[in-house]
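Chain letters run A, B, ... following the sequence lines, proteins first, then strands; residues in each count from 1. In this text the structure is predicted, and so the values were computed from the model without any measurement.
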Amino acid sequence: MSLGQLERKLLVVVGAGGSGKTTLAASLGLRSARAGAETLVMTFDPSLRLKDALGVGDSAKDRAVRVKSGTRARLDVILLDAQSTFDRLIERYAPTQAAAERIYTNRFYRELAGNLAGILEYMAVERLFEVASERSYDRIILDTPPTRQALDFLEAPDRIVNFLDSGAIKIALKPWWEAGGGIAGIPMRLAAKGVEGIADRLLGVRLLGDMLEFFRAFAPLYDGFRERAEQVRHLLRDPETLFVLVSGPGEDRIPDTMFFARKLKEGGHRVGPIVVNQVHPQVGRTGGPADGRFAAGLDLFEFLGRRDQQGIDRLRKLLSRGEPLVLVPLHARPPGDLEELEQLGEEVISQVR
Amino acid sequence: MSILAQLSKRQLIVVTGKGGVGKTTIAAAIARLLAAAGRRVLLLEIDPRESLHQLLGTEPSGGGIVKAGSRMSVQNLQPRAVVNALVREKVPIGVLAKKIVSSPVFQHFADGAPGLKEMAVLGYALRTVEGDYKHKADVVVLDAPATGHGASMLAAPLLLSDLVGGGQIGDMARNLAEFIADPARCGVVLAALAEEMPVQELVELVALLRERMGRPPELVVVNGLYPEFPGGPAVRRSGGTAVHVSPGTSDDPPLRTAQLTARLTDHPSIIDLWRERRAVNDRELKRLREIWKGPRAEVPLQALERGPALLAAIEATLAEELA
């Protein structure tokens, strides 16, 4: 009952939107619990069908809920919520309740911090770290937010720290003339002055005031936040962490998949099997004219099967020898209950055992 | 008036939807239709990994403007470049502007600052149609980022104009928010697949557009539909594997029925897949129709590789649907 190559403590399921990541993450979770590991699946926005199949509703929002999976080990699910994770983060690191309140009520935080580039992605890893350090699960499966290249997800900790770290705060907090010193500092100071002047002229006093207030309120939290981002980076590179890359079939999806696999490796992450999901079955060419709706429909399926197979062949060629490729066929119906979900999990596991 | 005629009156058409629904193809097809209708069109792509050139059969843009047929050009716009250009414009001293743009402080700010890049792109579109640039266009078609980000792109000006009191960004935000909210100038086209999650996101996006921007989308395009299953009840599985086509009930000439039966018998799983996938499409189309009574176009899956031929086929379908 082993999970084969997926026998790791943390599985991060990544891939482009619409590739069926969330369903796969849940199905692997079920298989993992069946194999005797206490398992948590963290996900963002599962479909109604999947929530029904798992028997979890909005009660799982931001807190773990047990799935009635009938497995020996338990299977829990959390539906991640960026805003409440952010709120809790602030509560944890704020030196006083008053300091936390100052941030909560800040207009910049309320209206814009939720839209800060990469915040959703960052909050996913943040929450992951929180749960991982509690050590109450044998295995955590993280379904990442859908991103075009899913790279945002990995870069989010850096981007957030860079943003907080950068001049946006320093300029707001320090008068420009304090930055740098001596003759060598002049160009920098000029630039800083320019930035400040521009910021004022472009953004206006009101927003600058709000931002200044936000960063001031944020300053005491900052070291903790930064340290946390650093720990998250380590966790994602831990030997017990494996990335499961999910790709749509078809040749046009391959460049994205290869690009992401390369980026993951370059970043020092461990990439496990690449799962090509929802592969159309191959239909042998039987010839015959393509008029008539039956014939046209069959021709379409012939095309789709061939297209997907070409994509897979190409992916095989591009991957170095021995790198596993898991093929999951497109099913007539998406899994609608726990049993079908577990079958899907088994389809993957059986190929990496 | 036809939907196409309506669309061709707009100055900006923002095409958005969940990732993987064929947004880019729909945006390109709409751009071509507008160009064919006599408008000068600039098709903007924001994804740094260019893909429009494959569809159009042009050179990659690399940030520049590339001609893609008569009256139509395409550009892969890097938001960062627009922000930088804005700084150069606002800071009169060249050396200073250069320092600012190249300072890491500014770069991190421009990368992370909420709404800034979105505004820059929309601002670029507005200025293009207002004739501020050397390159003129009557209409900009924007292949916007996937829904989550696409929605925040549309909402960014309003959010910023609420938040920012004054200053040039505040003025720009107000200006842009008005532009986006004006159904006579800006059209929003939502693309989706008739599957559960894409339709769910579409429903949410329609609500968001209505509530936050006080405007509906101009058009909803349902892409990638499996063909309707022609046999209907006449085709059934028997004994779990064999498939029968009752003569005379399919659209195919009787002579060919035997041939088809042979094909189907070889692939009972395809029939099951076809019917079920279309059933999902039908169910989701029904759900969509319940919440969206406005203009809708349906685009079937095409047996074509991604490229100019596929684009032409989708353009032809849309032309019919929007006529």
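- Ranked by heavy-atom pairs shorter than 4.5 Å toward chain B, the options A/R307, A/H331, A/Q310 are led by A/H331.
- Taking all atoms of both residues into account, the shortest heavy-atom contact from B/W274 to A/R293 is CH2-O, 3.7 Å.
- For chain A, the option among B/R277, B/R306, B/Q302, B/Q54 with the highest count of heavy-atom pairs below 4.5 Å is B/R277.
- Both the backbone and the side chain of A/L300 come within contact range of chain B, each with at least one heavy atom under 4.5 Å from a heavy atom of that chain.
- Applying the salt bridge (charged side-chain N to carboxylate O under 4.0 Å, His left out) test to B/E50 and every residue at least two apart in sequence or in another chain returns nothing.
- Aromatic ring orientation, A/H280 versus B/Y226: tilted (interplanar angle from 30° to 60°).
- Using a 4.5 Å cut-off between heavy atoms, B/L304 touches chain A through its backbone atoms (N, CA, C, O) alone.
- Atom CG in B/N281 sits 8.5 Å away from atom CG in B/L193 (nearest 0.5 Å).
- The pair B/R174-B/D171 counts as a salt bridge, with a side-chain nitrogen and a carboxylate oxygen less than 4.0 angstrom apart.
- With a threshold of 4.5 angstrom between heavy atoms, A/L330 approaches chain B through its backbone and through its side chain.
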